[in-house]
Amino acid sequence: MAMGSSSSVMLLPWKIVHAMPQTRKDHGLNTKKDSKMSERIQRLLNKPDGGLVDVLEGLISQVVTGIDEGRDTAGQIDDINKLSGGQDFVSGTFFKLYSWTSEREFAELAAMGPPPHVANMDQSDVVQCLYIIRSAEEPLASFCLSILQRSLPNVPITDIIFDRENDPDEAELAEEILSKAVAPNIICL
C-alpha cells in the first residue's frame, strides 16, 4: 500500500527506516516529548515468526479456496483466529481478501497479532502511524491503521486519511485526528 507521501521509507527485515526530517520543527511538532519519532509505535512493529506465517498462509489459502467452492470454512477460520492471538476474522474477511492484499501479506498481518489499543496517543504516535500508513507496504500499513482505529474509536480515521481532495502532511492530519478525538461525540435524535 504505497500512497503518496513526502517521506520515503525503506523496509528492512521488519524494521522501518525513514528518510524524513529529524527535528520537531520539521515535523510541525512542538513538545519535547515529540522530539523523537514515536518509539511506542516502533516497538509495536515486531517481526512475526516465519513458521507461524507459513502455517497461517496455508490455512488462509484453504479458507479462500473453501469459500470459492462453497465449503464450510468455520474450523479453519477458528484456527486462524487462535493462531493469530485471538483475532476475530470472519468469512467475509477472506471473501474480500484479494481486493486489498495477498494471502502471504495477510498471513504476516495476522501473525503480528491483534493491533493493540495505545492509551493516550500523542501527536508523535499519530504522526508515526500516518507515515507508515501512507508510506509503508502491507502488512505494516494495515497494522498501523488498525492501531489508530482501536486507539481512537470515535474518530473516522479512514475518512480523514483517504477521503480528501487535498493532501495535508502527516502533522496536519494528526492534528485533525486528535482534535476529533477530544471533541464531544454528540448524537442528536
Side-chain angles (χ1 to χ4, degrees), residues 1-20 37-38 40-68 73 76-77 79-118 121 125-153 155-164 167 169-170 173-174 177:
M1 169 187 235
M3 302 199 162
S5 178
S6 59
S7 66
S8 62
V9 174
M10 178 174 41
L11 292 176
L12 301 174
W14 293 89
K15 290 282 187 187
I16 298 177
V17 179
H18 290 276
M20 60 184 160
M37 288 308 291
S38 176
R40 283 199 311 173
I41 301 303
Q42 287 290 353
R43 283 193 301 266
L44 299 174
L45 304 177
N46 296 320
K47 178 182 177 184
D49 175 79
L52 177 59
V53 172
D54 293 340
V55 169
L56 285 167
E57 183 179 17
L59 285 168
I60 291 164
S61 179
Q62 290 174 24
V63 168
V64 170
T65 301
I67 289 171
D68 287 346
T73 58
Q76 288 104 337
I77 293 172
D79 290 344
I80 291 168
N81 286 332
K82 289 174 191 166
L83 289 170
S84 64
Q87 304 246 28
D88 56 356
F89 301 124
V90 296
S91 62
T93 306
F94 302 95
F95 184 75
K96 298 183 283 184
L97 185 72
Y98 293 125
S99 70
W100 65 278
T101 192
S102 69
E103 291 172 1
R104 183 68 182 186
E105 289 172 343
F106 187 73
E108 291 169 349
L109 176 64
M112 292 175 79
H117 172 272
V118 177
M121 287 191 89
D125 296 331
V126 177
V127 166
Q128 182 68 19
C129 284
L130 290 168
Y131 273 119
I132 293 167
I133 291 166
R134 294 174 106 193
S135 304
E137 295 181 12
E138 294 297 344
L140 297 176
S142 290
F143 191 78
C144 285
L145 180 61
S146 294
I147 289 172
L148 288 176
Q149 291 170 327
R150 286 183 186 225
S151 302
L152 305 165
V155 178
I157 300 293
T158 55
D159 292 346
I160 292 171
I161 298 171
F162 302 116
D163 294 339
R164 329 182 57 88
D167 189 24
D169 67 19
E170 286 79 5
L173 285 172
I177 288 168

Legend entry - Atom pair CD1/OG of I177 and S151 - distance to nearest 0.5 Å: 11.5 Å

Inset, instruction - Evaluate the criterion side chain to side chain contact (heavy atoms under 4.5 Å, CB included) for residue pair L173 and V127; output intermediate values, then yes/no. - result: CA-CA 8 Å; L173 285 172; V127 166; over 6 Å; no

Legend entry - Candidate pair D163 and T158, rule side chain to side chain contact (heavy atoms under 4.5 Å, CB included), full reasoning: CA-CA 7 Å; D163 294 339; T158 55; 5.8 Å; no

Inset, instruction - Indicate the atoms forming the closest heavy-atom contact of P115 with R150, along with that distance. - result: O-CD, 2.9 Å

Legend entry - Side chain proximity check, I60 to I80, heavy atoms < 4.5 angstrom: yes

Inset, instruction - Identify the heavy atoms of I67 and F94 that sit nearest to each other, and give their distance. - result: CD1-CB, 3.7 Å

Inset, instruction - State, to 0.1 Å, how close C144 and C129 come at their nearest heavy-atom pair, and which atoms those are. - result: CB-O, 4.0 Å

Inset, instruction - Starting at CG of D125, measure out to CG of L44 and round the result to the nearest 0.5 Å. - result: 9.0 Å

Inset, instruction - For residues Y98 and V64, determine if any side-chain heavy atom of one lies less than 4.5 Å from a side-chain heavy atom of the other. - result: yes

Legend entry - 4.5 Å side-chain heavy-atom contact, D167 and R134: yes

Legend entry - Closest heavy-atom pair and its distance - A111, V53: CB-CG2, 3.7 Å

Inset, instruction - Without swapping roles, check the side chain of T73 against the backbone of V63 for a donor-acceptor pair under 3.5 Å. - result: no

Legend entry - P114 to G85 - nearest heavy-atom pair and separation: CG-O, 3.4 Å

Legend entry - Close side-chain approach of M112 and N46, heavy atoms under 4.5 Å: no

Legend entry - Interatomic distance, E103 atom CD to L59 atom CG [nearest 0.5 angstrom]: 11.0 Å

Inset, instruction - With the side chain counted from C-beta on, respond yes when R104 and D54 share a heavy-atom pair under 4.5 Å apart, and no when they do not. - result: yes

Inset, instruction - Keeping the roles fixed (side chain from T65, backbone from S61), state whether a donor-acceptor pair exists under 3.5 Å. - result: yes

Legend entry - Flag, side chain of S142 to backbone of E138, donor-acceptor distance under 3.5 Å: no

Inset, instruction - Measure the spacing between CG of D49 and CD of E108 and express it to the nearest 0.5 Å. - result: 12.0 Å

Legend entry - Side-chain touch I132/L45, heavy atoms, less than 4.5 angstrom: yes

Inset, instruction - Compare all side-chain heavy atoms of R164 with those of D159 and state whether any distance is below 4.5 angstrom. - result: no

Legend entry - Sub-6.0 Å ring centroid separation between F106 and F89: yes

Legend entry - Side chain Q87, main chain G113, donor-acceptor under 3.5 Å: yes

Legend entry - Residues L148, L130; criterion side chain to side chain contact (heavy atoms under 4.5 Å, CB included); working and verdict: CA-CA 9 Å; L148 288 176; L130 290 168; 4.1 Å; yes

Inset, instruction - Could you pull out the closest heavy-atom pair between V118 and I147, with the gap in Å? - result: CG2-CG2, 3.7 Å

Inset, instruction - State, yes or no, whether a side-chain contact exists between E170 and I133 at a heavy-atom distance under 4.5 Å. - result: no

